[in-house]
Amino acid sequence: MNLPLTGIKIIDFTHVQAGPACTQLLAWFGADVIKVERPGSGDVTRNQLRDIPDADALYFTMLNSNKRSLTLDTKKPEGKEVLERLIGESDVLVENFGPGALDRMGFSWERINELNPKMIVASVKGFSEGHHYSDLKVYENVAQCAGGAASTTGFWDGPPTVSAAALGDSNTGMHLAIGILTALIGRDKTGKGQKVAVSMQDAVLNLCRVKMRDQQRLERVGYLEEYPQYPHGTFTDVVPRGGNAGGGGQPGWVLKCKGWETDPNAYIYFTIQGHAWEPICRAIGHPEWINDPDYSTAEARQPHIFDIFAKIEEWLADKTKYEAVDILRKFDIPCSPVLSMKELAYDESMRKTESIVEVDHPVRGKYLTVGSPIKFSDMKPEITASPLLGEHTDEVLAQLGYTAQQIAKMHEANAV
Ligand code: CAO
């Protein structure tokens, strides 16, 4: 299949999650992504949390599919020379090293631009350039704390809480991918490359936009009517943690279903959409609420919203989460079962939509990975295995014009 990014060559100087998630996405869509790794060790995630002693860890395989691997010691003169040639022939260099690492290696933006003025250099850092924390190294949870997610997640009587979703890592990688594609389109118009940077703090904050909305509302009116703290609790001058409250104009909560005593995921998320109040009352067997002034408007319901949720839980008590959703869907009520990772892994629909795919790896055998969450009408990315460390070193060097003898010498010098 002629994928749209076919012909775009990417030097993938990324590691761990934020950068690899970005380049993996571009590889799915056809880019030739050459992952540059340190000889002998490679990306640290190859070894992290291994479940099979000699096989690359799932952390690596699930973030580096569809790529080629080139081992290169870019601190050695031979390695630098190879990287220079590669820069001369590529379209994009993506990196997420600690602050200043690329400059210390001798590949500043100015130097790369000199080697190839059409090159797009894309970086992930913890904080934006010019920020007073821009010298910090950053991992996922650090970013969630810095970007406003942790202070607004969890319950009001507990500490700031991080999300399991990789808001700092993969989310930043997705932002960077958008930046790269934009710069590529820009280059088509100007003929020039440019620097693209996304900080993890900013990418987290971008997803916490509604909490910034709430901060401003709070400062103006002193309360937030959709939070559980309203109207019985108190507000300070900062956005509180709202537990499982719905973030928009419609209240929602995680509600217990049959079996919750023993199954940690026997819950549904239930949303009370204002205009769906009548069907909700019918669905849960309380038609008398439809015209009751204590229930008929969102404003009237809010003071006793948790009593309403308790009544819905009574209705749910003899229904599994799946049975409940099957009834509620008929009434057009936005809801979902709370699904465990196990349920998702074996969900036939997720396999059918290729949102979860099985990949064959030469060492570990078959494993599951998350497929493309972006679906196209004219193409279907095929997810292939992640490369072994240095699997494509000789192939890439030969394509760069090195002779077999020169390649052997580089191996001897441990430069590749
Ligand atoms: N050959 C030679 N040297 C190499 C190399 C190669 N192929 N690849 C990397 N290196 C060197 C770098 O040049 C750097 O050397 P110096 O520090 O001496 O200049 C060194 O390896 C370490 O790089 P690092 O600072 O990126 O690595 P770290 O393990 O100390 O930090 C991390 C990891 C993630 C905290 C840091 O890279 C970072 O803050 N990145 C930016 C934010 C980010 O992306 N974080 C998300 C990671 S996903 O959770």
Side-chain angles (χ1 to χ4, degrees), residues 11-25 34-49 57 59-60 62-64 67-84 86-87 93-108 111-112 121-129 131 133-147 149 162-177 179-180 196-204 387 389-390 392-393 396-397 410 413-416:
I11 304 172
D12 181 15
F13 230 163
T14 70
H15 63 162
V16 201
Q17 185 177 162
C22 165
T23 49
Q24 173 174 260
L25 190 88
I34 301 171
K35 185 158 175 113
V36 180
E37 299 181 81
R38 223 194 287 238
S41 51
D43 188 328
V44 68
T45 59
R46 284 188 185 269
N47 289 294
Q48 271 177 359
L49 311 173
Y59 197 6
F60 180 85
M62 293 177 75
L63 284 155
N64 291 285
K67 302 182 183 178
R68 297 197 282 167
S69 168
L70 161 72
T71 46
L72 201 60
D73 187 333
T74 53
K75 286 195 173 161
K76 292 197 165 143
E78 300 90 333
K80 284 189 199 297
E81 211 266 330
V82 173
L83 188 57
E84 282 180 7
L86 206 49
I87 288 172
L93 182 149
V94 191
E95 63 94 18
N96 68 321
F97 291 127
L102 202 60
D103 291 2
R104 288 194 292 279
M105 217 183 261
F107 291 93
S108 62
R111 176 71 185 130
I112 296 173
V121 177
S123 302
V124 167
K125 295 286 168 269
F127 295 87
S128 282
E129 214 176 297
H131 190 284
Y133 281 150
S134 63
D135 58 322
L136 280 176
K137 289 189 174 182
V138 170
Y139 281 108
E140 174 66 56
N141 292 347
V142 177
Q144 289 200 27
C145 290
V162 296
S163 162
L167 306 175
D169 283 340
S170 281
N171 168 46
T172 308
M174 299 305 105
H175 277 79
L176 192 68
I180 291 169
V196 182
V198 183
S199 83
M200 296 168 78
Q201 180 188 40
D202 292 356
V204 172
L389 179 61
H392 305 94
T393 300
V396 173
L397 292 175
M410 281 192 237
N414 290 325
V416 295

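Just follow the structure's listing: the first ligand is 1, and inside any ligand the first atom is 1. Every heavy atom of this structure was used, including side-chain atoms; hydrogens, water molecules and symmetry mates were not. Index from 1, following the sequence.
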Protein residue, atom and distance nearest to [atom], heavy-atom basis:
| atom | result |
| --- | --- |
| atom 7 (N) of ligand 1 | Leu72 O, 2.9 Å |
| atom 34 (C) of ligand 1 | Tyr139 CE2, 3.8 Å |
| atom 15 (O) of ligand 1 | Lys75 NZ, 2.9 Å |

For [X], is at least one N or O under 3.5 Å away from an N or O on ligand 1?
| X | answer |
| --- | --- |
| Gly98 | yes |
| Asn96 | yes |
| Asp169 | yes |
| Gln17 | no |
| Ala18 | no |

Taking atom types as modelled, find out whether Gln17 and Ser170 have a side-chain donor-acceptor pair closer than 3.5 angstrom.
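A pair is found: one side chain offers a donor N or O, the other an acceptor, under 3.5 Å apart.
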For Ser69 and Glu37, does a side-chain donor sit closer than 3.5 Å to a side-chain acceptor?
yes
Region of [X] that comes within reach of ligand 1 [heavy atoms, distance under 4.0 Å]:
| X | result |
| --- | --- |
| Val44 | neither |
| Lys137 | both |
| Arg38 | both |

Between Asp73, Ile112, Thr74, which is the residue that forms a side chain to side chain contact (heavy atoms under 4.5 Å, CB included) with Leu83?
Thr74
Applying side chain to side chain donor-acceptor pair (under 3.5 Å), run through Ser123 and Glu95 and close with a yes or a no.
CA-CA 5 Å; Ser123 302; Glu95 63 94 18; 2.6 Å; yes
Nearest heavy-atom neighbours spanning Leu389 and Arg46:
N-NH1, 3.1 Å
Run the salt-bridge test on Lys76 and Glu81 with the 4.0 Å N-O cut-off and return the result as yes or no.
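Result for this pair is no, no salt bridge flagged.
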Could you tell me if any non-hydrogen atom of Gly19 lies under 4.0 Å from any atom of ligand 1?
no
Going by heavy atoms, is Met200 under 4.0 Å from ligand 1?
yes
